[in-house]
There are 2 protein chains.
Amino acid sequence: MLHIVPDIDTSETLTERQKAVLDAALRLLVEEGDQLTMTAVARRASCSKETLYKWFGDRDGLLTATVQWQASKVRVAPVDAKGLDLASLTVSLERFASDWLKVISSDTSIALNRVAVGHAGSGKDNLGAVVLENGRFALAKRLKPVLEAGRQAGLLDFADAETAFRSFFGLVARDVQIRLLLGDRLELTEATIGGDAVRATQQFLALFGAKTGPQGL
Amino acid sequence: MLHIVPDIDTSETLTERQKAVLDAALRLLVEEGDQLTMTAVARRASCSKETLYKWFGDRDGLLTATVQWQASKVRVAPVDAKGLDLASLTVSLERFASDWLKVISSDTSIALNRVAVGHAGSGKDNLGAVVLENGRFALAKRLKPVLEAGRQAGLLDFADAETAFRSFFGLVARDVQIRLLLGDRLELTEATIGGDAVRATQQFLALFGAKTGPQGL
DNA sequence: GGCGAGCCGTACCGTACGTTACGGTTCGCC
DNA sequence: GGCGAACCGTAACGTACGGTACGGCTCGCC
């Protein structure tokens with residue numbers, strides 16, 4: 001269940017220069033994937049390898065720092081769940097769905113997930129845990145309060161928020177992430193994503209919407 | 001969309017000895033992931049490296065052959081869609097869901113997908129395409145006729161079989177595959193899988209079941 | 001029985017890359 | 001202006017591993 005991720009807020013302890021180096025590493029990671037070399041990172045970041053090793057220990061350390069650095073940039077403001085009605089709940093859910101689809105279809109996310117998946121195979125480090133914690137689990141942590149609020153407002157009906165969330169997750173993501181990770185050229189335009197978000201939300205509401213008579217009374 | 005996979009039925013052109021070697025490679029792949037070495041494969045298979053190179057060309061060739069070999073073992077008999085009623089359709093869908101969950105949670109599938117994802121990053125070969133073709137796309141190819149038959153029989157209602165399939169896929173798989181690939185220790189017992197299959201099927205029927213009055217008339 | 005093909009085991013080669021070492025430069029600080 | 005810390009660029013080291021070469025063994029075949 002790996003909920004044990006060192007919750008160090010890296011964005012604080014990093015100098016500007018270090019952030020710049022990690023940004024370079026991140027760009028290289030997106031371009032080259034896991035076979036990026038320390039030399040290439042040093043060259044791209046215009047720094048010496050000695051510095052890389054002093055700051056990040058070794059290659060895995062650099063990779064981990066890069067992933068955490070990207071993760072720290074993604075933090076979004078939680079949606080407030082006040083004055084909830086069916087319309088605003090629907091909008092919220094569509095927002096979540098759309099945001100999530102944009103994330104998992106972004107080059108950065110794909111590259112990071114690829115590296116993390118590769119490393120999860122040879123349990124050297126916990127890159128997988130980091131990605132999971134800042135991806136799927138972070139999403140759940142932000143969405144569940146909305147679901148709970150929807151239930152409180154009598155709009156949703158479910159026994160377990162976790163289960164409801166996972167169904168929503170499935171309806172939104174479907175086969176998109178695995179196909180992208182495996183190299184399928186899936187065109188996700190702004191329009192496609194919007195449509196999918198609406199569809200997933202409607203399906204979720206059909207499954208978990210409260211049946212209090214013709215809704216609205 | 002990469003539907004272009006050399007559809008060579010490898011299981012025919014391989015000698016018994018070669019299959020044994022690939023089985024050894026497969027076992028090693030599950031244990032070691034992508035950082036398995038040619039020497040290790042040779043040792044495990046009790047063959048010489050020379051033989052590996054003669055048979056499979058290079059490392060990527062061996063990996064590809066291994067993945068295809070595993071894929072060729074998974075081919076299952078298509079479900080026949082005769083005399084369909086709601087009960088038998090439900091059973092079929094539950095079967096598919098349960099089988100799919102078993103596949104994606106198996107050590108073999110996880111290892112293979114990890115390797116394929118890693119290779120998709122550095123577009124050296126089409127391992128990702130092979131895995132996709134024998135996984136998600138093969139599933140669709142087997143399930144769609146069932147869905148179409150369900151529609152013919154007036155049990156299901158959908159405009160596009162592909163869309164319906166993808167929703168079913170999402171309801172079944174949810175976050176399971178990505179979590180497993182990222183190293184999450186997700187315990188999928190026989191009972192859990194059975195329950196999830198039933199739940200996913202019910203949800204799918206709720207979304208796509210034909211509303212011809214109280215069903216059964 | 002002799003022969004050649006195919007294969008095993010192992011030694012060997014070349015290289016790429018992680019890691020370290022070091023001389024030279026910048027820059028803050030006294 | 002002088003000192004030292006931090007850092008750049010590059011060269012050098014060590015090693016792991018992909019790929020090749022080769023000697024010896026087995027076995028089917030003439």
Side-chain angles (χ1 to χ4, degrees), chain A residues 10 12-67 69 111 114-116 118-119 121-127, chain B residues 13-67 69 111 114-116 118-119 121-127:
Chain A
T10 59
E12 286 306 314
T13 61
L14 291 174
T15 70
E16 287 308 312
R17 178 76 180 115
Q18 286 172 327
K19 292 177 189 175
V21 169
L22 290 182
D23 273 329
L26 187 59
R27 266 178 291 127
L28 212 51
L29 201 64
V30 171
E31 295 170 22
E32 311 245 338
D34 199 5
Q35 85 277 28
L36 66 74
T37 131
M38 297 298 279
T39 305
V41 173
R43 191 160 40 222
R44 175 71 69 96
S46 294
C47 75
S48 73
K49 290 210 274 179
E50 184 187 22
T51 302
L52 291 183
Y53 283 100
K54 182 180 300 183
W55 285 349
F56 307 109
D58 57 6
R59 190 175 184 278
D60 280 348
L62 174 63
L63 252 38
T64 305
T66 305
V67 171
W69 165 235
R114 283 200 178 128
V115 177
H119 279 233
S122 55
K124 297 184 297 189
D125 43 27
N126 55 350
L127 273 191
Chain B
T13 61
L14 291 175
T15 70
E16 287 307 312
R17 179 75 181 115
Q18 287 171 327
K19 294 178 190 174
V21 169
L22 290 182
D23 273 328
L26 187 59
R27 267 178 290 127
L28 213 50
L29 202 64
V30 171
E31 295 170 21
E32 311 244 337
D34 199 5
Q35 84 276 28
L36 65 73
T37 137
M38 296 299 277
T39 306
V41 172
R43 191 161 40 224
R44 176 69 70 98
S46 293
C47 74
S48 72
K49 287 211 283 180
E50 184 187 24
T51 302
L52 291 183
Y53 283 101
K54 181 179 301 184
W55 284 349
F56 306 109
D58 58 4
R59 189 174 184 277
D60 279 349
L62 173 64
L63 252 36
T64 305
T66 305
V67 171
W69 165 236
R114 284 200 177 129
V115 177
H119 278 234
S122 55
K124 296 184 299 189
D125 43 27
N126 56 352
L127 273 191

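Order of the sequence lines fixes the chain letters, A, B, ..., with proteins taken first and strands second; residue numbering starts at 1 for each chain.
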### Message
Distance criterion of 3.5 Å, no angle test: do you see the side chain of B:Lys49 paired donor-to-acceptor with the base of D:dG19?
### Response
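When only heavy-atom distances are counted, B:Lys49 does reach the base of D:dG19 through a donor-acceptor pair under 3.5 Å.
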Atom [atom1] of [X] and atom [atom2] of [N]: how far apart are they, to the nearest Å?
X: A:Tyr53; N: D:dG9; atom1: OH; atom2: P; result: 16 Å
X: A:Lys54; N: D:dC8; atom1: NZ; atom2: C1'; result: 11 Å
X: A:Arg59; N: D:dG14; atom1: CZ; atom2: P; result: 22 Å

Shortest non-hydrogen separation from [X] to [Y] and the atoms involved:
X: A:Ala42; Y: A:Lys49; answer: CB-CG, 3.9 Å
X: A:Met38; Y: A:Leu52; answer: O-CD1, 3.7 Å
X: B:Leu28; Y: B:Val41; answer: CD2-N, 3.5 Å
X: B:Ser46; Y: B:Arg17; answer: O-NH2, 3.0 Å
X: B:Ala25; Y: B:Leu36; answer: O-CD2, 4.1 Å
X: A:Leu14; Y: A:Lys19; answer: O-CE, 3.6 Å

#### Entry: All side-chain hydrogen bond (donor to acceptor under 3.5 Å, both in side chains) counterparts of B:Glu31, not counting sequence neighbours
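If we apply the side-chain hydrogen bond (donor to acceptor under 3.5 Å, both in side chains) test to B:Glu31, skipping adjacent residues, the hits are B:Arg44.
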#### Entry: Nucleotide nearest A:Glu50 when distance is taken to its side chain, options D:dA11, D:dT20, D:dC8
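Out of D:dA11, D:dT20, D:dC8, the nucleotide with an atom closest to A:Glu50's side chain is D:dC8.
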### Message
Let me spell it out: for each of A:Asp60 and B:Trp55, pick the nucleotide of DNA chain C with the closest heavy atom. Which residue's pick is nearer the 5' end?
### Response
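Checking each residue's closest nucleotide, the 5'-ward one belongs to B:Trp55.
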### Task
Under 4.0 Å from any heavy atom of chain A: name the first and the last nucleotide of DNA chain C that qualifies, 5' to 3'.
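Nucleotide range in contact with chain A: C:dG18 to C:dC22.
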### Task
Give me the residues of residues 22-46 of chain B where at least one heavy atom lies under 4.0 Å from an atom of DNA chain D, by number, or none.
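Under 4.0 Å from DNA chain D: B:Leu36, B:Thr37, B:Met38.
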### Task
Please test A:Val67 against A:Val115 for side-chain contact (heavy atoms from CB on, under 4.5 Å), starting from the C-alpha separation and ending with a verdict.
CA-CA 9 Å; A:Val67 171; A:Val115 177; 5.6 Å; no
